[in-house]
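Data first, discussion second: the structure below is written as C-alpha cells.
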Amino acid sequence: MTDEMAYDVAASVVERGDLPLLGQDPRRTYRMGIMGGTFDPIHNGHLVAAEQAFDDLDLDVVVFMPAGRPAFKQGKRVTAGEDRYAMTLLATSDNPHFLASRFEVDREGITYTADTLECLASIYPSNVEFYFITGADAIAEVVTWRDAHKIAELAHLVGATRPGYDLAHAKHAIAESPFEFDVTYLEVPALAISSSYLRERVAAMQSLRYLTPDTVTGYIHKHKLYGVLPRRYGSTVIVDADGQTEGRRRGEQRTD
C-alpha cells in the first residue's frame, strides 16, 4: 500500500471517529502515542502518564485504547468493554490532545498488542510513528508477548514508572532480548495509583475523589460497577449502632 492509499484508509477510519487523522503532510513525521490497557477503571495515573509522554516526547496526540479481550486477563473477571470505553471517554474528553478509541473494543477475538500495531501500520502512512505507552513493570514482560519482534519493529516503547522504582529488571530483560526494542522511561509521580486499588476502595465503600475524574466516579455509581452499594452518588456511608450502613447526602443532618 502506498502512503497516499494509507492516508485515504486512515481518513475513512477517522470519519467513524475511531482514530486521529495523521500523516497529511508528507514532509513531516507524526507521533501517535498509544495508551493501551484494560482501564478497569481508568485513573489519574494513566492520565498523568499520558500527559507527560505527550510533553516529553513531543507527541501529536495520545490515543487511549481500552483492550477488548486482554490476553493477560483471560480467566479473570474484567468489566465489559463498553463500560471501560465509556469511562475512558469521560476521563479524556476535556483534553484536546487525548482521544478515546473503540479500536480494540470493537475487534473480535483476544487483544494482542502486536496485532493492534500491525493494523495501525496498515492504516497510516509511513510518516506516522507509534509510541506505545505502558507501565515500566510491563516493559520487562513485553519480550515474552506474542510476536514481540513485531512490537519491536512497529513501535517505540514508553515505560512509565513511579519515583524510586527499580528499572534494573526491565532494562536487563530488554538488553537480553534478541529483538531491538527502542525504550524511553518516564518517571511519573501519580503512578502509585492502580486500577485494582480503585476497585478495592469501591468495594470497601471508600471515596475515589482525586484518584480518578469525578465523571468516572459518577459512571461507576450509576452503573453499579465493582460492587458499589446502591446509594446516591455523592452520599457518605454511615454505620449505625447495629452495624448497618446507610447512605446520606453530604451535609445532610440526621433527624433520628
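To the nearest 0.5 Å, atom CE of residue Met32 and atom CD of residue Glu129 are 11.5 Å apart.
Electrostatic pairing of Asp115 and Arg146 counts as a salt bridge here, judged by a charged N lying under 4.0 Å from a carboxylate O. Salt-bridge check for Asp214 with Arg209: passed, with a basic side-chain N closer than 4.0 Å to an acidic carboxylate O. Salt-bridge formation is not detected for the pair Arg162/Asp137: no Lys NZ or Arg NE/NH1/NH2 atom is positioned less than 4.0 Å from an Asp or Glu carboxylate oxygen.
For the side-chain contact (heavy atoms from CB on, under 4.5 Å) test, residues two or more places apart in sequence or in another chain that qualify with His172 are Glu176. Annotation: side-chain contact (heavy atoms from CB on, under 4.5 Å) contacts of Ala86 (sequence neighbours excluded): Tyr219. Listed by chain and number, the residues in a side-chain contact (heavy atoms from CB on, under 4.5 Å) with Ala50 are Met35, Val62, Phe64, Phe98 (sequence neighbours excluded).
For Ile42 against Leu198, the heavy-atom pair with the smallest separation is O-CD2, 4.2 Å.
Around the CD atom of Gln74, the shell of radius 6.0 Å holds more than 12 heavy atoms that belong to other residues, nucleotides or ligands.
At least one cation-pi condition fails for Arg199 and Tyr197: the charged atom is not both under 6.0 angstrom from the six-membered ring centre and inside a 45 degree cone around its axis. By the 6.0 Å and 45° rule, Arg84 does not stack over the aromatic ring of Phe39. Cation-pi geometry between Lys150 and Phe179 is not satisfied (NZ or CZ under 6.0 Å from the ring centre, within 45° of the ring normal).
Remark: the Asn95 side chain and the His97 side chain contain an N/O donor-acceptor pair separated by less than 3.5 Å.
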